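Only heavy atoms go into these numbers, but all of them, side chains included; no hydrogens, no water, no symmetry mates. All values reported here derive from a predicted model rather than from experimental measurement.
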Amino acid sequence: ISRMSPKPGEWEEGNSNNGNKWTTLEHKGPLFPPEYEPLPNNVTFFYNGNPVKLSLAAEEVATFYAKMLDHEYTTKSSFQENFFTDWREEMTVEEREQIKKLSKCDFTHINKYFLEKSEEKKAMTKEQKQVLKEENNKLTEEYGFCELDGHREKIGNFRVEPPGLFRGRGEHPKMGKLKKRIQPEEITINCSKGSNIPVAPKGHKWRKVQHDNTVTWLASWVENVQGNFKYVMLNPSSKLKGEKDWQKYEVARKLKLKVETIRRQYRDDWKNREMKTRQRGVALYFIDKLALRAGNEKEESETADTVGCCSLRVEHITLHQEKGGQEFMVEFDFLGKDSIRYYNEVPVEGRVFKNLKLFMENKDPEDDLFDRINTTYLNKHLNQSMPGLTAKVFRTFNASTTLQEQLNKLTTGYLEEKLLSYNRANRAVAILCNHQRAAPKTFEKSMQNLQDKVAQKQQQLDVAKKELKEAKKEHKKGGTERTRKLVEKTESVVKRLEEQLKKLQLQMTDREENKVIALGTSKLNYLDPRISVAWCRKFNVPIEKIYNKTQRDKFAWAIDMTEEDFQF
């Protein structure tokens with residue numbers, strides 16, 4: 001049974017209030033990565049200058065490190081230490097006796113082997129690539145779809161992640177640790193009673209088979225590095241996912257009607273006689289004004305020292321009565337989600353500043369700033385103000401509101417200028433949400449290529465302008481039909497070259513401004529897609545310029561239902 005994108009209005013149908021997400025669910029289970037293929041005999045690992053034949057388990061883990069030799073991660077001491085500790089656990093007793101220092105290990109031959117394999121793959125003929133593509137398509141056809149309530153729905157991540165080394169984001173303390181191979185015995189399968197239960201790989205069995213229709217995942221397991229649950233989920237373009245997305249943004253839109261009342265309330269809380277209420281008021285102010293995450297959402301097993309608003313410690317903020325000509329400045333410096341540093345200096349209202357001083361009194365640097373409250377308490381209070389409201393909704397609300405306001409303010413000009421306006425609006429949101437990235441490795445090279453193109457185009461324009469001057473001069477002397485046409489033709493060339501030059505310069509500006517800002521996270525998770533779809537329709541910008549194929553599938557519900565006059 002084929003499944004098309006739901007029609008407008010169909011996204012709202014079938015919302016069950018009893019918590020059931022489906023009636024029937026059938027699938028083939030997850031697809032496992034291929035088994036480890038041993039290195040050829042002529043590819044050698046060296047220790048202290050001597051060749052060492054590693055056991056299969058140790059050799060596999062060594063290849064993970066060897067493949068990353070050219071990456072910045074392998075230069076970091078915490079990555080090296082974590083890798084070496086976990087690698088030694090996979091070694092035999094004899095190997096552990098022999099291999100005691102990472103600095104004496106030589107992975108270069110293994111690295112070279114995989115680089116050559118990579119080049120071979122790149123050099124494959126079109127026909128060879130087509131064969132691989134067809135094999136991949138067959139696997140997707142078999143494992144990449146499920147039957148959900150009689151509809152054939154696409155599965156998002158049907159492949160079990162292969163073993164490798166954990167990277168993490170930012171300066172994650174567990175970077176370099178071994179992500180072990182997942183076995184069927186660790187996987188729980190979820191499907192409907194009476195359906196064809198997925199068959200485990202030969203010689204294996206599933207950890208458990210359950211029939212829970214209150215959840216939408218198809219399979220789950222626990223990964224070994226952080227002890228987090230991993231799930232095989234429906235594709236973002238599926239109806240269930242679309243409904244969930246749509247509902248999330250509708251809750252954020254409802255906040256728009258209540259936000260001024262909530263803001264008045266938390267401002268009143270700053271003067272409350274009870275310390276707990278004051279702390280709640282200031283925490284909500286930060287969550288609203290700075291789009292901080294609530295905090296206290298960390299897994300028990302998570303060792304990274306990351307915090308959110310409610311888990312801020314005294315050491316994470318510095319108060320300045322005056323700084324840079326502004327009064328009541330608060331300097332934030334802490335590691336947020338994924339160990340991404342949050343650093344910000346913001347002016348706050350006098351009463352907030354006074355309260356912060358009070359909250360910090362007689363406390364040590366490692367003490368909690370908001371010691372009387374937590375996220376659960378905060379969300380319970382918010383839910384009383386508006387059903388479904390949590391601290392997280394503020395982040396979605398402020399991100400979407402910022403995009404809408406910036407687009408209304410910035411949009412101008414022809415297509416390339418409009419796209420720059422959109423990216424600038426998106427950047428304003430990414431900065432608000434602290435979505436950072438390291439500058440791409442190829443950044444300098446791609447910028448140099450653009451600069452070369454700009455210089456080349458400028459040169460062509462200079463020549464064309466000179467030719468136009470000459471043509472006008474000749475036409476002025478003795479105007480004929482030929483000289484008139486020559487002037488028109490040269491003017492047309494100059495105009496075209498000017499437009500091309502401006503387009504290249506806009507691309508350079510956009511790329512430079514986007515160097516260390518990650519636009520994708522907010523675009524996928526915090527921005528109501530209807531804002532972007534309506535903007536595209538209103539200003540005649542092709543949706544393909546804003547959303548790629550995967551994003552268009554995810555936001556099919558918004559593309560289907562949104563008119564150009566939509567405002568968040």
From Ile317 CD1 over to Met360 CE, what is the distance, rounded to the nearest 0.5 angstrom? 4.5 Å
Working for salt bridge (charged side-chain N to carboxylate O under 4.0 Å, His left out), residues Glu119 and Lys122: CA-CA 5 Å; Glu119 288 305 315; Lys122 286 177 191 171; 3.5 Å; yes
ring-ring contact (aromatic ring centres under 6.0 Å, His included) involving [X] - partner list, sequence neighbours excluded:
| X | result |
| --- | --- |
| Tyr113 | none |
| Tyr65 | Phe83, Phe107 |
| Phe166 | His172 |
| Tyr342 | Phe334 |

Will you find, in the side chains of [X] and [Y], an N or O donor that is under 3.5 Å from an N or O acceptor?
| X | Y | answer |
| --- | --- | --- |
| Asp553 | Asn235 | no |
| Asn426 | Gln406 | no |
| Gln130 | Glu134 | yes |
| Glu345 | Tyr343 | yes |
| Glu60 | Thr63 | no |

Test salt bridge (charged side-chain N to carboxylate O under 4.0 Å, His left out) on Glu142 and Lys28 and set out the steps. CA-CA 7 Å; Glu142 185 177 356; Lys28 286 281 188 129; 3.7 Å; yes
Between [X] and [Y], what is the shortest heavy-atom contact and its length?
| X | Y | answer |
| --- | --- | --- |
| Ala428 | Thr402 | CB-CG2, 4.2 Å |
| Ala58 | Trp87 | O-NE1, 2.9 Å |
| Pro365 | Arg313 | O-CB, 3.8 Å |
| Leu432 | Ala291 | CG-CB, 3.7 Å |

Would Asp371 and Gln279 count as a side-chain hydrogen bond (donor to acceptor under 3.5 Å, both in side chains) here? Give the steps. CA-CA 8 Å; Asp371 54 323; Gln279 287 191 5; 2.8 Å; yes
Contacts of type side-chain hydrogen bond (donor to acceptor under 3.5 Å, both in side chains), residue [X], not counting sequence neighbours:
| X | value |
| --- | --- |
| Tyr249 | none |
| His71 | none |
| Ser55 | Glu95 |
| Tyr547 | Ser532 |

Extract all donor-acceptor atom pairs below 3.5 Å that involve side chains of residues 34-52 and protein atoms in other chains or at least two apart in sequence.
residue: Tyr36; atom: OH; partner: Glu59; partner atom: OE2; Å: 2.6
residue: Tyr47; atom: OH; partner: Lys100; partner atom: N; Å: 3.1
residue: Tyr47; atom: OH; partner: Lys101; partner atom: N; Å: 3.0

For [X], I'd like to know if atom [atom1] has over 12 heavy atoms of other residues, nucleotides or ligands within 6.0 Å.
| X | atom1 | result |
| --- | --- | --- |
| Lys357 | NZ | no |
| Lys230 | NZ | no |
| Arg88 | CZ | yes |
| Lys363 | NZ | yes |
| Lys53 | NZ | yes |
| Lys323 | NZ | yes |

Under 3.5 Å, is there a donor-acceptor pair between the side chain of Asn157 and the main chain of Arg159? no
Set of salt bridge (charged side-chain N to carboxylate O under 4.0 Å, His left out) partners for [X], sequence neighbours left out:
| X | value |
| --- | --- |
| Asp106 | none |
| Glu161 | Lys179 |
| Arg552 | none |

Verdict with reasoning, Lys112 to Glu116, per salt bridge (charged side-chain N to carboxylate O under 4.0 Å, His left out): CA-CA 6 Å; Lys112 187 172 176 246; Glu116 284 168 1; 3.5 Å; yes
Tyr73 six-ring face occupied by Lys76 cation (under 6.0 Å, within 45°):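 Pair Lys76/Tyr73 counts as cation-pi.
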With heavy-atom distances below 4.5 Å as the criterion, would you say the side chains of Asn190 and Val215 are in contact? yes
